[in-house]
Amino acid sequence: MRWCVMFCLILSCPGWADECAMAFRHGILISPEQIRVQSSNRTVFQINHDRQLFIRGEWITLTPAEQELLQRYSHLLRKFVPEVVSIAVDSVELGLSAIESMLSGIGDSSQQEEWQQLIRESTYQLTSRFVRSGDHFYLAPQSLHELDSFLHGELKHQLKTLAKQTVGAVWEALQDALRQTDDNFERTESPSWQPLAELVTKINAGLDQKAGELEEKSALFCQRLTELDQIESQLQQRVPQLMQYDVIIAKP
């Protein structure tokens, strides 16, 4: 597996996402005490306190050299996964906070609750592949190219759709307010009101900044994935039960 990944890197295109033609085959769940490798929402192997290995619930006895390999593997995952997840989650929160800011102070409590519910549902949909809760992190199976595509394409499209929905809802709320008062539009308008185009431009600018942050760290991420793959190969040689659970794979 290691040589396949190295071959892909050597023959790669200049673009960073293509250059890092590597992927997580399984989901990774990280907490302060554990690292869980998951397939179909089930833990296939688990690392406790960076030194204990469990495969399908069975504790695997390791030599001191194997424990050292496992510890290096765990430390690299703890560096890589939270950083990647945080970039993705920060991007989602950035876009949603811009929309929430626009909604502030507009409509009655019932309308506010309806809009907040819409935002909560969107948050769940957008962060299903990247979860951050305190010092717990989850990264779903995916490649760096897919993460790049998420930031540059999918996330922008979904936030733009949500912005259209909320702007439409806000406009209806303003019209309702105008029908019930003699005040003019300028007095009814919220200070945070923004036209749709301006709102989308603001969101896209923030997302481009986060995507740029990801791109700046691409070489470091590639290096960490390569190191993870090399250590994983060594662990598989020493612990054959791990052979069926490649975490890092080459993905054309």
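Hydrogens, waters and symmetry mates play no part in the numbers below; they use all other heavy atoms, side chains included. This is a predicted model, so every value here is computed, not measured.
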Assess, by modelled atom type and distance only, whether the side chains of [X] and [Y] contain a donor and an acceptor separated by less than 3.5 Å.
{"X": "Asp50", "Y": "Gln67", "answer": "no"}
{"X": "Gln38", "Y": "Arg36", "answer": "no"}
{"X": "Gln158", "Y": "Glu154", "answer": "yes"}
{"X": "Gln230", "Y": "Gln234", "answer": "no"}
{"X": "Tyr73", "Y": "Arg78", "answer": "no"}

**OP:** Give the C-alpha distance, both sets of side-chain angles, the deciding distance and a yes or no for side-chain contact (heavy atoms from CB on, under 4.5 Å) between Ile30 and His136.
**Re:** CA-CA 6 Å; Ile30 291 183; His136 292 66; over 6 Å; no
Please round to the nearest 0.5 Å and tell me the distance separating atom [atom1] of [X] and atom [atom2] of [Y].
{"X": "Leu29", "Y": "Gln46", "atom1": "CG", "atom2": "CD", "value": "9.5 Å"}
{"X": "Leu69", "Y": "Leu235", "atom1": "CG", "atom2": "CG", "value": "5.0 Å"}
{"X": "Leu155", "Y": "Leu96", "atom1": "CG", "atom2": "CG", "value": "8.0 Å"}
{"X": "Leu228", "Y": "Lys79", "atom1": "CG", "atom2": "NZ", "value": "10.5 Å"}
{"X": "Arg238", "Y": "Ser233", "atom1": "CZ", "atom2": "OG", "value": "13.0 Å"}
{"X": "Cys222", "Y": "Met22", "atom1": "SG", "atom2": "CE", "value": "7.5 Å"}

Original post:
Hey, is Arg51 close enough to Glu66 for a salt bridge, meaning N to O under 4.0 Å?
Top reply: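 Between Glu66 and Arg51 there is no salt bridge, as every charged N stays at least 4.0 Å from the carboxylate O atoms.
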Original post:
Salt bridge check: are Glu83 and Arg224 linked by an N-O gap of less than 4.0 Å?
Top reply: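 Counted as a salt bridge, because a side-chain N and a carboxylate O are separated by less than 4.0 Å.
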Please report the shortest heavy-atom distance between [X] and [Y], naming the atom on each side.
{"X": "Val85", "Y": "Val131", "answer": "CG1-O, 3.4 Å"}
{"X": "Ser86", "Y": "Phe137", "answer": "OG-CE2, 3.8 Å"}
{"X": "Phe150", "Y": "Arg129", "answer": "CD1-NH2, 2.9 Å"}
{"X": "Pro141", "Y": "Gly27", "answer": "CG-N, 3.5 Å"}
{"X": "Leu159", "Y": "Gly95", "answer": "CD1-CA, 3.8 Å"}
{"X": "Val89", "Y": "Phe130", "answer": "CG2-O, 3.7 Å"}

Is [Y] reachable from [X] through a run of hydrophobic residues whose side-chain heavy atoms are each under 4.5 Å from the next?
{"X": "Val239", "Y": "Ile35", "answer": "yes"}
{"X": "Tyr245", "Y": "Ile60", "answer": "yes"}
{"X": "Val37", "Y": "Tyr138", "answer": "no"}
{"X": "Leu77", "Y": "Leu62", "answer": "yes"}
{"X": "Leu225", "Y": "Leu76", "answer": "yes"}

Original post:
Less than 4.5 Å apart, any side-chain heavy atom of Val44 and any of Arg56?
Top reply: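 Contact flag for Val44/Arg56 side chains = yes.
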Original post:
Is there side-chain contact between Ile87 and Leu147, with at least one heavy-atom pair below 4.5 Å?
Top reply: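 Side-chain contact under 4.5 Å: no.
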**OP:** Look at atom CD of Gln209 and say whether more than 12 heavy atoms of other residues, nucleotides or ligands are closer to it than 6.0 Å.
**Re:**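 Counting neighbours around CD of Gln209, 12 or fewer heavy atoms of other residues, nucleotides or ligands fall under 6.0 Å, so no.
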**OP:** From the options Ile249, Ile248, Asp246, select the one residue that forms a side-chain contact (heavy atoms from CB on, under 4.5 Å) with Asp229.
**Re:**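 The side-chain contact (heavy atoms from CB on, under 4.5 Å) with Asp229 is passed solely by Ile248 among Ile249, Ile248, Asp246.
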Subject >> Contacts of Glu146 that satisfy salt bridge (charged side-chain N to carboxylate O under 4.0 Å, His left out) - sequence neighbours left out >> reply: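 Salt bridge (charged side-chain N to carboxylate O under 4.0 Å, His left out) list for Glu146, sorted by chain: Lys251.
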Subject >> Exam field: side chain Ser31 to backbone Gln34, donor-acceptor pair closer than 3.5 Å >> reply: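 Yes: the side chain of Ser31 pairs with the backbone of Gln34.
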Subject >> ring pair (Phe, Tyr, Trp, His ring centres under 6.0 Å) contacts touching residues 80-100 (sequence neighbours left out) >> reply: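 Qualifying pairs: Phe24-Phe80, Phe80-Phe221.
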**OP:** Any chance you could lay out the salt bridge (charged side-chain N to carboxylate O under 4.0 Å, His left out) test for Glu232 and Arg72, step after step, and finish with the verdict?
**Re:** CA-CA 10 Å; Glu232 182 176 274; Arg72 287 172 55 200; over 6 Å; no
Original post:
Between Arg132 and Asp90, does a side-chain contact (heavy atoms from CB on, under 4.5 Å) hold up when you go through it step by step?
Top reply: CA-CA 10 Å; Arg132 180 181 62 192; Asp90 286 347; 2.9 Å; yes
